[in-house]
Amino acid sequence: FTITAPAPDQDNLLANGSFEYPSSDSSPYDSGYTYGQPLDPSYPGYNGYSIPGWRIPFGTIDVYRAGWQEAPGQGAQSIDLVGSPGAGLIAQTFLTQPGREYDFSGWMSHNPALLEARADVFLNDQFFVQLFHKGYNSASNMFWSPFVFRFRATDEQTTLAIEDVTGRTQFFGAALAGLKVASAPN
């Protein structure tokens, strides 16, 4: 496995933005595996403190491979930012050029057990935007919505953090897939 330098204006600066690694194929649950800071590390669905590319400083996330519809063109896996149990925060640091504009994009839905979900996005510990998804959905039709938000880098490294703030339950929250950060087109 080799990591190459990202090509400007093309590549995703985020590693594992579609949450395809590791595979949840062998999970005993439809929701896949749970990652993060577990209440009970002996839970059969628990599979570690982080996933490739992402830190999970608090709470847990569930990586779904089955159990609900995939986001369009984004691979077989997505995440619920509220794992089993507890709202999670995911974070990743990537290289940026100060003063350059970047687009943060992806797909959002919510766990079908809810009618809406919210997630706060932070750049270098500063609030950036709140993602919001509302409406009826089901496991067979998640009504995934694409989003894109532009930001100007202020440092040579930028840390993107996303925290579920739905606050409705300890088991269901915002669903995310296909996260990407790329240089904004001129």
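Every value quoted in this text rests on a predicted model; they were computed, and no experiment measured them.
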Any side-chain heavy-atom pair from Ser27 and Arg65 closer than 4.5 angstrom? no
For the residue pair Asp80 and Tyr64, establish whether any side-chain heavy-atom pair is separated by less than 4.5 Å. yes
Can you get from Leu176 to Trp144 by hopping between Ile, Leu, Val, Met, Phe, Trp and Tyr side chains that sit under 4.5 Å apart? no
Shortest non-hydrogen contact from Gly36 toward Pro38: O-CD, 3.0 Å
Ignoring hydrogens, what is the shortest heavy-atom contact between Phe171 and Pro85? Give both atom names and the distance. CE2-CB, 3.5 Å
Atom pair NZ (Lys180) and CZ (Phe104), whose distance is rounded to the nearest 0.5 Å: 12.5 Å
Step-by-step side-chain contact (heavy atoms from CB on, under 4.5 Å) determination, Leu115 to Asn137: CA-CA 8 Å; Leu115 288 177; Asn137 68 357; over 6 Å; no
Identify the two heavy atoms, one from Leu89 and one from Ala161, that lie closest to each other, and give their separation to 0.1 Å. CD2-CB, 4.3 Å
Cluster question for you: counting only ILVMFWY and a side-chain heavy-atom cut-off of under 4.5 Å, with indirect links fine, are Phe94 and Ile90 together? yes
When you measure from the side chain of Arg152 to the backbone N and O of Gly99, does any donor-acceptor pair fall under 3.5 Å? yes
What's the spacing between Phe19 CZ and Gln74 CD if we round to 0.5 Å? 10.5 Å
Working for side chain to side chain donor-acceptor pair (under 3.5 Å), residues Ser140 and Trp68: CA-CA 6 Å; Ser140 62; Trp68 66 34; over 6 Å; no
Can you confirm whether the side chains of Tyr33 and Ser26 place a donor and an acceptor under 3.5 Å from each other? yes
Distance, nearest 0.5 Å, that separates OG of Ser183 from CD of Glu101: 10.5 Å
So does Gly53 get a backbone contact from the side chain of Tyr21, meaning a donor-acceptor N/O pair under 3.5 Å? no
If only atom types and distance count, is the side chain of Gln37 paired as donor or acceptor with the main-chain N or O of Phe58 below 3.5 Å? no
Measuring from atom CD of Gln170 to atom OG of Ser84, what distance do you get when rounded to the nearest 0.5 angstrom? 10.5 Å
Do Asn124 and Asp155 pass the side-chain contact (heavy atoms from CB on, under 4.5 Å) test, and can you show the C-alpha distance, the side-chain angles, and the key distance before you say yes or no? CA-CA 9 Å; Asn124 293 337; Asp155 294 304; 3.2 Å; yes
Do Asp25 and Ser23 have a side chain donor and acceptor closer than 3.5 Å? yes
Using modelled atom types and a 3.5 Å cut-off, is there a donor and acceptor pairing between side-chain atoms of Thr166 and backbone atoms of Ala117? no
Assess the side chains of Thr96 and Thr158: does a donor N or O sit below 3.5 Å from an acceptor N or O? yes
Should Phe122 and Phe149 be regarded as members of a common hydrophobic cluster, given that ILVMFWY residues are connected when their side-chain heavy atoms come within less than 4.5 Å of each other, either directly or indirectly? no
Out of curiosity, Thr154 OG1 to Leu123 CG, how far, rounded to the nearest 0.5 Å? 8.0 Å
So does Ala174 get a backbone contact from the side chain of Asp164, meaning a donor-acceptor N/O pair under 3.5 Å? yes
Given ring-ring contact (aromatic ring centres under 6.0 Å, His included), test Phe151 with Tyr102 step by step and report yes or no. CA-CA 5 Å; Phe151 69 93; Tyr102 295 86; 5.6 Å; yes
For Ser18 and Glu20, indicate whether the former's side chain and the latter's backbone hold a donor-acceptor pair under 3.5 Å. no
Between Asn47 and Tyr35 (side chain of the first, backbone of the second, donor and acceptor by atom type, cut-off under 3.5 Å), is there such a pair? no
Identify every side-chain donor-acceptor pair in residues 126-134 under 3.5 Å, counting partners at least two apart or on other chains, and give the distances.
| unit_1 | atom_1 | unit_2 | atom_2 | d |
| --- | --- | --- | --- | --- |
| Gln130 | OE1 | Arg118 | NH1 | 3.0 |
| Gln130 | NE2 | Asp120 | OD1 | 2.7 |
| His133 | ND1 | His110 | ND1 | 2.8 |
| His133 | NE2 | Phe143 | O | 2.8 |
| His133 | NE2 | Ser145 | OG | 3.4 |

Would a distance-only check, ignoring hydrogens and angles, find a side-chain to backbone donor-acceptor pair under 3.5 Å from Trp107 to Phe147? no
Please lay out, stage by stage, how Val121 and Glu163 fare under the test side-chain contact (heavy atoms from CB on, under 4.5 Å). CA-CA 7 Å; Val121 180; Glu163 177 184 5; over 6 Å; no
Leu14 side, atom CG; Gln92 side, atom CD - distance, nearest 0.5 Å: 5.0 Å
Using the rule that two of Ile, Leu, Val, Met, Phe, Trp, Tyr join whenever any of their side-chain heavy atoms come within less than 4.5 Å, decide whether Ile162 and Leu13 are in one cluster. yes
Could you tell me whether the side chain of Leu160 reaches within less than 4.5 Å of the side chain of Trp54, counting heavy atoms only? yes
Which one of Ile61, Asp62, Asp40 satisfies the side chain to side chain contact (heavy atoms under 4.5 Å, CB included) criterion with Thr34? Asp62
Would you say the side-chain atoms of Asn12 pair up with the backbone N or O of Leu179, donor to acceptor, closer than 3.5 Å? yes
Thr60 side chain to Gly88 main-chain N or O, any donor-acceptor pair under 3.5 Å? no
hydrophobic_cluster_shared for Leu81 and Met142, side chain cutoff 4.5 Å: no
Verify side-chain contact (heavy atoms from CB on, under 4.5 Å) between Ser78 and Glu70, making sure each step is shown before the conclusion. CA-CA 7 Å; Ser78 57; Glu70 300 97 3; over 6 Å; no
